[in-house]
Protein chains: 2
Amino acid sequence: MQITSPDLDTAANILKLLGDKTRLAIVKIVSEQECCVCEFVDLFQMTQPAISQHLRKLKDAGLVSETRRGQWIFYSLNKTCPYLTFIQTVIEQIPSQTFKLEELEAQGKRICCD
Amino acid sequence: MQITSPDLDTAANILKLLGDKTRLAIVKIVSEQECCVCEFVDLFQMTQPAISQHLRKLKDAGLVSETRRGQWIFYSLNKTCPYLTFIQTVIEQIPSQTFKLEELEAQGKRICCD
DNA sequence: AGTATTAATAAGAATATACTTATATACTGA
DNA sequence: TCAGTATATAAGTATATTCTTATTAATACT
C-alpha cells in the first residue's frame with residue numbers, strides 16, 4: 001500500500017469526483033463491497049447509461065477498478081491507486097451505505113456469481 | 001469543538017466546494033492563517049470578483065467566516081462549522097500552502113492590521 | 001464633502017456537467 | 001448461430017459552474 005500525498009491539483013480533481021452524491025455513494029459502497037453496474041442502477045433508481053458514465057469517470061481517474069465475472073462487471077475500490085489513503089480518509093468519514101445493499105438483498109436483487 | 005459526521009448529501013456538497021483548486025487552496029490557506037481578499041487576488045492572479053464569488057460560496061456553506069478589520073475583510077476557517085472535523089481531515093492531507101503567503105510577504109504584499 | 005481603496009453584487013458569456021435516448025458491444029445459454 | 005442480458009458509447013439537451021466587465025457599497029483619509 002502506498003501513501004502518496006496528493007498535490008493540490010490532484011486533490012481538487014479527486015474531490016470534484018467525490019463531490020457528486022451518486023459518485024460519492026458509489027465509492028463508499030465499493031469500498032465496503034464489490035458491486036456490479038445493475039445493482040447501482042437499482043440502488044440509485046437511475047438509468048444504466050447514467051451509472052455507466054459515473055463509473056467511467058471514477059475508473060478513468062483510477063479510483064475504482066473493474067473485473068468481469070460472467071456477464072457482470074464488478075467494481076471495487078482500486079487498491080493500487082496512488083491516492084488510496086487520501087480517498088479512504090475521506091470516505092471513512094461518511095456513513096456506511098451497506099444498508100442500501102441489504103435492502104437490495106431483501107428484495108432478492110443482489111447479484112452473486114458463486 | 002463539534003464532531004458531527006456529515007450525511008452523504010452534506011459530504012458531497014462540501015466535497016464539491018473543495019473540488020475546485022482555487023477554493024481548495026483558499027480553504028487550506030485560511031486553515032493555516034487568516035487572509036484577506038486582496039491577498040487571494042495576488043496569490044491566484046485572479047480578478048477580485050472571481051475571488052469574491054469563491055469566498056461567497058465557501059461562506060454560504062459555512063466553511064469560512066469573515067471579519068472586517070479596517071478596510072480589509074479577513075477570512076478564516078469557520079471554527080463553529082458543524083462539519084469542521086470532516087473539513088479538517090480532508091485538508092490536512094494536502095500540502096501546506098503557506099509558502100505562497102511567504103512569497104507574498106517577500107514581495108511586501110501582505111496585509112497587516114496591527 | 002470628496003477621493004481612493006477594498007470588497008460585494010449583477011448580468012452576461014463560455015464552458016463543463018449530468019442527464020436523456022439510441023445504438024453498439026460483449027457475454028451466456030439454448 | 002440466435003436470443004437474451006449486461007454494459008459501454010455516442011450524440012444531444014438542459015442546467016450548473018466559473019469566469020468576465022460594469023457597477024455598487026462600505027470604509028479610510030485628507
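Residue numbers begin at 1 in each chain, while the letters A, B, ... track the order of the sequences.
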Q: Would you indicate whether the side-chain heavy atoms of Y75(A) and S65(A) approach each other to under 4.5 Å?
A: no
Q: Ignoring backbone atoms, test whether R23(B) places a side-chain nitrogen or oxygen under 4.0 Å from the OP1 or OP2 oxygen of dT18(D).
A: yes
Q.
Just the rounded figure in Å: distance from C1' of dC19(D) to CG of L55(B).
A. 15 Å
Q: Find the distance between OG1 (T89(A)) and CD (Q93(B)) and round it off to the nearest 0.5 Å.
A: 3.5 Å
Q) In whole angstrom, what separates W72(B)'s CH2 from dA8(C)'s C1'? A) 18 Å
Q. Which residue lies toward the 5' end of DNA chain C, I73(B) or M46(A), if each is placed at its nearest nucleotide?
A. I73(B)
Q. Considering heavy-atom distances to DNA chain D, does R68(A) or Q48(B) have its closest nucleotide positioned more toward the 5' end?
A. R68(A)
Q.
Does dC19(C) have OP1 or OP2 under 4.0 Å away from a side-chain N or O of H54(A)?
A. yes
Q | R56(B) side chain near dA8(C) phosphate (N/O to OP1/OP2, under 4.0 Å) | A | no
Q. If you check the P49(B) side chain, which of dA18(C), dA22(D), dA7(C) turns out closest?
A. dA22(D)
Q) How long is the gap from CZ on F74(A) to OG1 on T67(A), to the nearest 0.5 Å? A) 8.5 Å
Q. Can you tell me how far C1' of dT5(C) sits from CZ of R69(B), to the nearest Å?
A. 18 Å
Q) Is the NZ atom of K21(B) crowded by more than 12 outside heavy atoms at less than 6.0 Å? A) no
Q: Measure from the side chain of S52(A), starting at C-beta and using heavy atoms only, and say which of dA8(C), dC19(D), dA8(D) lies closest.
A: dA8(D)
(Q) List the residues meeting salt bridge (charged side-chain N to carboxylate O under 4.0 Å, His left out) with K57(B), not counting sequence neighbours, and say none if there are none. (A) none
Q: Take atom CG of D20(B) and atom P of dT15(C), then tell me their distance rounded to the nearest Å.
A: 17 Å
Q: With heavy atoms under 4.0 Å as the rule, sort K59(B) into base, sugar-phosphate or nothing.
A: nothing
Q | Out of dT21(C), dT21(D), dA18(C), whichever nucleotide has its closest atom nearest the side chain of K57(A) | A | dA18(C)
Q: Check the distance between dT5(C)'s C1' and E39(B)'s CD and give it to me in whole angstrom.
A: 15 Å
Q. If you check the Q53(A) side chain, which of dA11(C), dT9(D), dG4(D) turns out closest?
A. dT9(D)
Q: Looking only at side-chain atoms of Q71(A), point me to the closest of dA6(D), dT17(C), dA7(C).
A: dA6(D)
Q. Which nucleotide, dC19(C), dT21(D), dT17(D), lies nearest any side-chain atom of T47(B)?
A. dT21(D)
Q: Would you tell me if any nitrogen or oxygen in the side chain of K16(A) comes within less than 4.0 Å of OP1 or OP2 on dT17(C)?
A: yes
Q: Report the distance from atom CD1 of I51(A) to atom P of dT5(D), rounded to the nearest whole Å.
A: 20 Å
(Q) Quick check on dT6(C): is either OP1 or OP2 less than 4.0 Å from any side-chain nitrogen or oxygen of Y75(B)? (A) no
**Q.** Whole-Å distance separating the CG atom of D60(B) from the P atom of dA16(D)
**A.** 16 Å
Q: Would you mind checking if K109(B) and E39(B) are paired as a salt bridge, meaning a charged N to carboxylate O distance below 4.0 Å?
A: no
Q) Could you state the CG-C1' distance from N13(A) to dA16(C), rounded to the nearest angstrom? A) 13 Å
(Q) So F40(B), base contact, sugar-phosphate only, or nothing? Heavy-atom distance under 4.0 Å. (A) nothing
